[in-house]
Amino acid sequence: MTDPTTAPAPALDENQIIAERRAKLAAIRKQGPAFPNDFDRRDYAGKLAAAHGNQSKEALEAAAVEVQLAGRMMLKRVMGKASFATLQDMSGQIQVYVTNDHAGAESHDAFKHWDLGDFIGVTGILFKTNKGELTIQARSIRLLSKALRPLPEKFHGLADQEQKYRQRYLDLITNDVAREAFMRRSKIISAIRAFMIERDFLEVETPMMHPIPGGAAAKPFATHHNALDMEMFLRIAPELYLKRLVVGGFEKVFEINRNFRNEGLSTRHNPEFTMMEFYEAYREYRYLMDLTESLIRAAAMAATGSTVVPYQGHEIDLGKPFARLTIVEAIRHYHPQYTVEQLNDRDWLIGQFKAMKGKYRPHDGLGGLQLSFFEETTETLLIQPTFIIDYPAEVSPLARRSDAQPDITERFELFITGREMANGFSELNDAEDQAERFMDQVRQKEAGDEEAMHYDADYIRALEHGLPPTGGCGIGIDRLVMLLTDSPSIRDVILFPQMRRES
RNA sequence: GGGUCGGUAGCUCAGCCGGUAGAGCAGCGGACUUUUAAUCCGUUGGUCCCGAGUUCGAAUCUCGGCCGACCCA
């Protein structure tokens with residue numbers, strides 16, 4: 001058994017094209033530094049297009065704008081004594097015109113042997129071609145970095161999904177949609193951060209390695225700390241640490257970071273995913289819903305410039321107030337044939353599960369069964385933004401009970417496009433109730449529920465020092481980015497999604 | 001875990017009613033000073049995912065495996 005981290009690379013997929021390029025590189029090495037780093041890039045393709053794209057051919061010629069730009073050569077058209085190339089940098093693409101007259105025959109001849117994918121530095125004057133395309137008339141042109149491997153096919157790009165994920169760099173080089181999605185992801189996260197900071201939230205970082213995995217019902221990844229000889233877990237949620245900070249007097253905190261859950265992969269699940277969790281003292285769950293709505297609108301505006309966004313053929317309206325329905329209300333709204341009496345009848349619900357071969361936990365109380373029934377029948381129908389409110393206490397071990405109805409909690413989940421986007425609640429700040437709920441979780445774990453929570457004594461101790469009334473919410477960033485980039489799979493919004501080991 | 005589809009040149013794909021592998025792009029050589037997926041002529045390049053089986057003969061049929069996408073649980 002070889003160690004995959006140190007074993008040499010498997011037999012290289014060398015081929016004629018790579019050999020050809022290696023030979024070119026060897027020749028370049030003989031002429032001096034093959035990978036020079038002294039080129040002074042001053043201009044960007046996108047900025048030049050924005051600044052000069054609308055100028056007339058004549059005006060541009062009169063201005064004689066000198067530019068100095070570098071990028072990867074994506075296209076190349078050689079026509080004897082003159083050539084065109086398309087360079088791509090982070091901001092976009094621009095065409096370069098290389099001629100014997102202006103760049104010199106020697107440079108132009110060298111250029112003819114450069115390959116698609118090579119990095120090139122060019123200095124020259126902006127002009128417009130007869131077809132009106134903004135182009136750099138090269139005065140000098142240099143090879144900055146040789147690409148030994150060929151790019152994917154220039155017209156179709158990279159089509160193999162696996163390769164898009166495993167070699168994301170190729171996807172980013174060749175696929176505008178992918179590049180745009182990840183740039184949009186960055187904008188969304190920036191917008192969320194700005195939104196929170198503007199409202200006086202403090203951004204914090206809490207541990208990713210937990211001695212006791214807590215804050216969610218999920219299976220953790222286990223690891224081991226050698227020096228402490230201690231079993232540790234990658235966090236499944238930051239919740240319990242963030243609430244410790246509220247105990248400590250940080251009354252408004254948020255964290256944008258990764259959670260890790262040891263579960264299957266799907267178009268909606270990656271084992272590591274990004275959550276934004278926030279907590280605010282002296283607030284309860286209705287306020288959290290308002291804030292969550294505003295935040296999602298702000299993110300949508302930042303990403304798309306609109307609060308109405310297309311998603312896989314649907315038009316999602318994030319501008320209107322989000323619907324707020326209890327579990328039973330939601331089921332009845334989408335399935336009017338079920339009566340309140342039926343939905344409040346354990347035996348009827350269990351009969352339905354059996355008839356539809358649905359998943360449910362037989363020992364759940366009415367609330368838990370109703371929730372499972374909701375998940376089976378209604379969740380995927382919640383295309384437009386909908387808060388489902390008042391979750392049963394038995395499935396919400398960290399949420400505050402309703403004073404009017406102690407078997408339910410002041411909790412909501414937000415669904416958009418049939419997917420859970422956020423989960424928030426008035427926090428349980430009664431240390432004695434929390435201790436009992438943990439005990440209850442421990443009993444469920446002993447009964448075989450792998451996702452039940454552990455008893456976290458330190459967290460109870462923190463609560464015993466007093467947690468002010470607090471509201472907290474987690475928003476799934478990847479799923480939000482999916483929505484705002486019209487991406488069908490979570491893998492389209494995670495740069496390097498988890499994959500099976502390459503064979 | 002189950003189902004469907006797929007894996008052929010560096011890339012995008014055809015070939016799959018069994019007869020020993022093709023196109024376009026990329027590469028190489030040549031022509032071409034406003035092209036833009038440039039064009040035109042010539043040309044190199046393959047563990048047809050892996051293994052077994054059937055057969056005179058397998059990219060093609062059968063079985064098993066690996067990997068991926070999508071759907072379902």
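What you see below is based on every heavy atom in this structure, not just the backbone, and it leaves out hydrogens, waters and symmetry mates. Keep in mind that this is a model prediction, so the values were computed, not measured. Proteins get letters first, then strands, A, B, ... in listed order; numbering begins at 1 in each.
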(request) May I ask you to verify if any side-chain N or O of A:R21 is less than 4.0 angstrom from the OP1 or OP2 atom of B:G10? (result) no
(message) Return the pairing partner of B:U4 with a 3.5 Å limit on both distances, Watson-Crick or G-U wobble; otherwise return none.
(response) B:A69
(request) State which of B:U36, B:G68, B:A26 makes the closest approach to the side chain of A:E133. (result) B:U36
(request) Look at A:K24 and B:G27 and indicate whether a side-chain polar atom (N or O) is within less than 4.0 Å of OP1 or OP2. (result) no
(message) Under a plain distance cut-off of 3.5 Å, with no hydrogens placed, do A:Q312 and A:D486 share a side-chain donor-acceptor pair?
(response) yes
(request) Indicate, with a heavy-atom threshold strictly under 4.0 Å, whether A:I17 touches base, sugar-phosphate, or nothing. (result) base
(message) Check for me whether the distance between the ring centres of A:F39 and A:F119 falls short of 6.0 Å.
(response) no
(message) Counting the atoms with a prime plus P, OP1 and OP2 as sugar-phosphate, which does A:T267 contact under 4.0 Å by heavy atoms, base, sugar-phosphate, or nothing?
(response) sugar-phosphate
(message) Please give the distance between the C1' atoms of B:G18 and B:C13 as a whole number of Å.
(response) 23 Å
(request) Using the P atom as the reference point in each nucleotide, state the distance between B:U43 and B:C49 in Å, no decimals. (result) 28 Å
(message) Please give the distance between the C1' atoms of B:C70 and B:C11 as a whole number of Å.
(response) 23 Å
(message) Here's a test of your reading of the structure: between A:S489 and A:A82, which maps to the more 5' nucleotide of RNA chain B?
(response) A:A82
(request) Measure from the side chain of A:D115, starting at C-beta and using heavy atoms only, and say which of B:U12, B:G68, B:G27 lies closest. (result) B:G27
(request) Sugar-phosphate atoms are those with a prime plus P, OP1 and OP2; base atoms are the rest. Using that split, label each nucleotide of nucleotides 41-51 of chain B B, S or - for protein heavy atoms under 4.0 Å, 5' to 3'. (result) ---BS------
(request) Indicate yes or no: does A:D176 engage A:R179 in a salt bridge with an N to O separation below 4.0 Å. (result) yes
(message) Using the C1' atom as the point on both nucleotides, what is the distance between B:A21 and B:A9, in whole Å?
(response) 10 Å
(message) Once you apply a heavy-atom cut-off of 4.0 Å, does A:Y97 come out as touching a base, just sugar-phosphate, or nothing?
(response) base
(message) Taking the minimum atom-to-atom distance to the side chain of A:H156, which one of B:U12, B:C32, B:G68 wins?
(response) B:U12
(message) Taking only the C1' atom of each, what is the distance from B:G42 to B:A59 in whole angstrom?
(response) 29 Å
(request) Determine: side-chain N/O of A:K359 to OP1/OP2 of B:A73, distance under 4.0 Å, yes or no. (result) no
(request) Please evaluate the base of B:U35 for a donor-acceptor partner in the side chain of A:T129 within a cut-off of under 3.5 Å? (result) yes
(request) Kindly say whether A:K146 contributes a backbone atom to a donor-acceptor pair with the side chain of A:R21 at under 3.5 angstrom? (result) no
(message) Are the side chains of A:I94 and A:L134 in contact, using a 4.5 Å heavy-atom criterion?
(response) yes
(message) Let's see if you can work this out: which of B:A26, B:C28, B:U35 has an atom nearest to the side-chain heavy atoms of A:R77?
(response) B:U35
(request) Return yes if some donor-acceptor pair links the side-chain N/O of A:R258 with the main-chain N/O of A:R235 below 3.5 Å, else return no. (result) no
(message) Please check this pair: side chain of A:D478 against backbone of A:V493, looking for a donor-acceptor N/O pair closer than 3.5 Å.
(response) no
(request) When you get a sec, tell me which of B:C32, B:A38, B:U33 is the closest nucleotide to the side chain of A:V78? (result) B:C32
(request) For A:Q95, report the nucleic acid contact type (base, sugar-phosphate, nothing); a contact means any heavy atom under 4.0 Å. (result) base
(message) Could you tell me the Watson-Crick or G-U partner of B:G46, where both distances fall under 3.5 Å? Say none if there is no partner.
(response) none
(request) Determine the interatomic distance between P on B:C40 and the same-named atom on B:A14; round to the nearest Å. (result) 23 Å
(message) Please name the nucleotide paired to B:A58 by Watson-Crick or G-U wobble geometry with both distances under 3.5 Å, or report none.
(response) none
(request) By nearest nucleotide on RNA chain B, pick out whichever of A:L158 and A:N130 is the more 5' one. (result) A:L158
(request) Could you tell me whether A:K57 contacts a base, only the sugar-phosphate backbone, or nothing, with contacts defined as non-hydrogen atoms closer than 4.0 Å? (result) nothing
(message) Using the C1' atom as the point on both nucleotides, what is the distance between B:G53 and B:G15, in whole Å?
(response) 24 Å
(request) For B:A58 and B:U20, measure between their P atoms and round to the nearest Å. (result) 12 Å
(request) Look at A:D38 together with A:R142 and state whether they make a salt bridge at an N to O cut-off of under 4.0 Å. (result) yes
(request) Taking the side chain as every heavy atom from C-beta outward, state whether A:L144 and A:P36 have any atom pair closer than 4.5 Å. (result) yes
(request) Report yes if a side-chain nitrogen or oxygen of A:K154 is closer than 4.0 Å to either non-bridging phosphate oxygen (OP1 or OP2) of B:A37; otherwise report no. (result) no
(message) Any side-chain to backbone donor/acceptor pair from A:Q93 onto A:A45? Under 3.5 Å, distance only.
(response) no
(message) Pairing check on B:G10: which nucleotide meets the Watson-Crick or G-U wobble criteria with it, both distances under 3.5 Å?
(response) B:C25
(message) Counting the atoms with a prime plus P, OP1 and OP2 as sugar-phosphate, which does A:D101 contact under 4.0 Å by heavy atoms, base, sugar-phosphate, or nothing?
(response) base
(request) Mind checking A:G157 for me? I need base, sugar-phosphate or nothing, with any heavy atom below 4.0 Å counting as a touch. (result) sugar-phosphate
